[in-house]
Amino acid sequence: MAMDSFTDKLAVVTGGGSGMGRELVRQLAAQGCSVAACDLNADAVAVIAATAWAAAPPGVRVTGHACDVSDEAQVLRFRDELLEAHASDHVDLVFANAGMGGGESFITGRREVWERTFAVDWWGVYYCARAFLPLLMASGDGVLVNTSSVNGFWAALGPGVPNSAYSTAKFAVKGFTEALIEDLRANAPEVRVAVVMPGHVGTDIVVNSLRARGLPAPERMSDAQVEEVIPASRRPR
Ligand SMILES: NC(=O)c1ccc[n+]([C@@H]2O[C@H](COP(=O)([O-])OP(=O)(O)OC[C@H]3O[C@@H](n4cnc5c(N)ncnc54)[C@H](O)[C@@H]3O)[C@@H](O)[C@H]2O)c1
């Protein structure tokens, strides 16, 4: 059953500062939907929120919030902030979109990068479901949209090119979301859930993910930094 209209709804978008999340904020607001967007990059999401709000029809409110979705306390603070900012006791749509790449090899990569990638891409989705499901139920017609990836089907970028932390997390997001379909039907039929499995989309995810790891854009990397990201043995591929 499709949602007839976004007008007068309230949507939550994580990772709203760039790429697909930014586009969601822009398009939802343009269609009359109020939006609370969060991002690790507070400046970027503040600019997007202000721009989308300025272009939106009357009555729409768009707010930007700083939040690291891998930290449950920050997700709960984001939830409380947005309910106050939008004077609401429910939300109608939640797009758990925030994500990053990294943790390519379990064998040769750094453990902290693997665990950081998994935490953002899996625990970020999980904490948002925990925080926002009661508010989607309070809507009476709520929709949760979790973003997985083509790497939720295929656990590598290609022959000889592992993508282990990202793939593990994206498989988990797909499995969790599919499990929720039946759980919601049985226990909270007023909420529906969908999983998004994008193929390659030309966003800034590579540069954003490197920045989140404290690395510069590829053209500004030292030889040691290039070696960390793309080991010499893999470079010919
Ligand atoms: N671009 C692709 O080809 C592609 C393919 C499949 C799936 N995806 C998934 O789509 C989603 C959106 O990706 P995108 O391509 O728009 O990337 P993007 O980098 O353009 O946007 C992602 C946003 O999430 C934010 N973010 C990262 N970690 C965060 C955290 N811990 N807390 C809050 N915000 C955080 C980033 O700052 C960024 O603004 C991600 O989940 C990604 O894994 C992307």
Side-chain angles (χ1 to χ4, degrees), residues 14-15 17-21 38-41 67-75 95-131 144-181 193-237:
T14 69
S18 174
M20 290 184 253
C38 80
D39 205 287
L40 201 54
N41 187 339
C67 174
D68 178 345
V69 294
S70 72
D71 178 343
E72 187 171 21
Q74 292 193 36
V75 172
F95 295 89
N97 158 83
M100 65 177 287
E104 288 82 1
S105 172
F106 188 76
I107 316 299
T108 63
R110 283 197 286 135
R111 178 172 173 165
E112 60 269 27
V113 176
W114 204 102
E115 292 180 356
R116 172 72 185 150
T117 303
F118 184 76
V120 173
D121 292 340
W122 161 244
W123 290 109
V125 171
Y126 174 85
Y127 292 143
C128 285
R130 282 276 173 218
L144 172 64
V145 182
N146 292 332
T147 298
S148 176
S149 164
V150 65
N151 286 120
F153 291 123
W154 295 316
L157 291 177
V161 190
N163 199 18
S164 68
Y166 187 82
S167 299
T168 305
K170 294 299 188 180
F171 269 70
V173 171
K174 177 172 177 285
F176 171 58
T177 309
E178 291 186 356
L180 274 183
I181 292 172
V193 66
V195 64
V196 183
M197 310 291 293
H200 176 71
V201 182
T203 67
D204 290 334
I205 190 166
V206 173
V207 171
N208 287 336
S209 301
L210 293 172
R211 190 188 304 123
R213 284 164 63 177
L215 292 166
E219 64 275 14
R220 296 212 191 85
M221 283 182 186
S222 66
D223 289 348
Q225 288 169 328
V226 171
E227 179 61 24
E228 180 190 332
V229 176
I230 314 172
S233 59
R234 281 200 0 235
R235 231 164 283 158
R237 291 175 186 275

Next on the checklist: Are Asn151 and Leu157 packed together at the side-chain level, in the sense that at least one heavy-atom pair is separated by less than 4.5 angstrom?
Outcome noted: yes

Next on the checklist: In the structure I gave you, are the side-chain heavy atoms of Pro218 and Val207 within less than 4.5 Å of one another anywhere?
Outcome noted: yes

Item to check | Nearest heavy atoms of Asn41 and Asp39, plus distance in Å | outcome: N-OD1, 2.8 Å

Checklist entry - How long is the gap from CG on Leu215 to CZ on Arg220, to the nearest 0.5 Å? => result 13.0 Å

Item to check | Met100 vs Thr117 side-chain heavy atoms within contact, under 4.5 Å | outcome: yes

Checklist outcome for this item: One should read off an interatomic distance between Glu72 CD and Tyr126 OH, to the nearest 0.5 angstrom, of 7.5 Å

Next on the checklist: Quick check for you: to the nearest 0.5 Å, what is the distance between Thr177 atom OG1 and Leu144 atom CG?
Outcome noted: 7.0 Å

Item to check | Ser70 side chain to Gly124 backbone, donor-acceptor under 3.5 Å | outcome: no

Item to check | Lys/Arg N to Asp/Glu carboxylate O, Arg116 vs Glu112, below 4.0 Å | outcome: no

Checklist entry - Does the side chain of Val196 come within less than 4.5 Å of Val145's, by heavy atoms? => result yes

Checklist entry - Do you know the tightest heavy-atom contact between Met197 and Ser148? => result SD-CB, 3.4 Å

Next on the checklist: Keeping Thr14 on the side-chain end and Ala98 on the backbone end, is there a donor-acceptor pair under 3.5 Å?
Outcome noted: yes

Item to check | Side-chain heavy-atom pair Met20, Thr147 within 4.5 angstrom cut-off | outcome: no

Item to check | Closest contact, heavy atoms only, Gly152 versus Lys174 | outcome: O-CD, 3.7 Å

Checklist entry - Do Cys67 and Val75 come within less than 4.5 Å of each other through their side chains, counting heavy atoms only? => result yes

Checklist entry - At their closest point, which heavy atom of Gly19 faces which heavy atom of Thr203, and how far apart are they? => result CA-CG2, 3.8 Å

Item to check | Heavy-atom pair of closest approach, residues Gly102 and Asn163 | outcome: O-OD1, 4.4 Å

Item to check | Residue pair Gly99 / Asp121: nearest heavy atoms and the distance that separates them | outcome: CA-OD1, 3.1 Å

Checklist entry - Any idea how Phe118 and Trp114 line up, ring-wise: parallel (<30°), tilted (30 to 60°), or perpendicular (>60°)? => result parallel

Item to check | Flag for Ser18-Asn208: side-chain donor and acceptor within less than 3.5 Å | outcome: yes

Item to check | Under 3.5 Å donor-acceptor, Ser164 side chain and Glu104 backbone | outcome: yes

Next on the checklist: With rounding to the nearest 0.5 angstrom, report the CG to CG distance, Asp204 to Leu210.
Outcome noted: 11.0 Å

Checklist entry - Do the ring planes of Phe176 and Trp122 sit parallel (below 30°), tilted (30 to 60°) or perpendicular (above 60°)? => result perpendicular

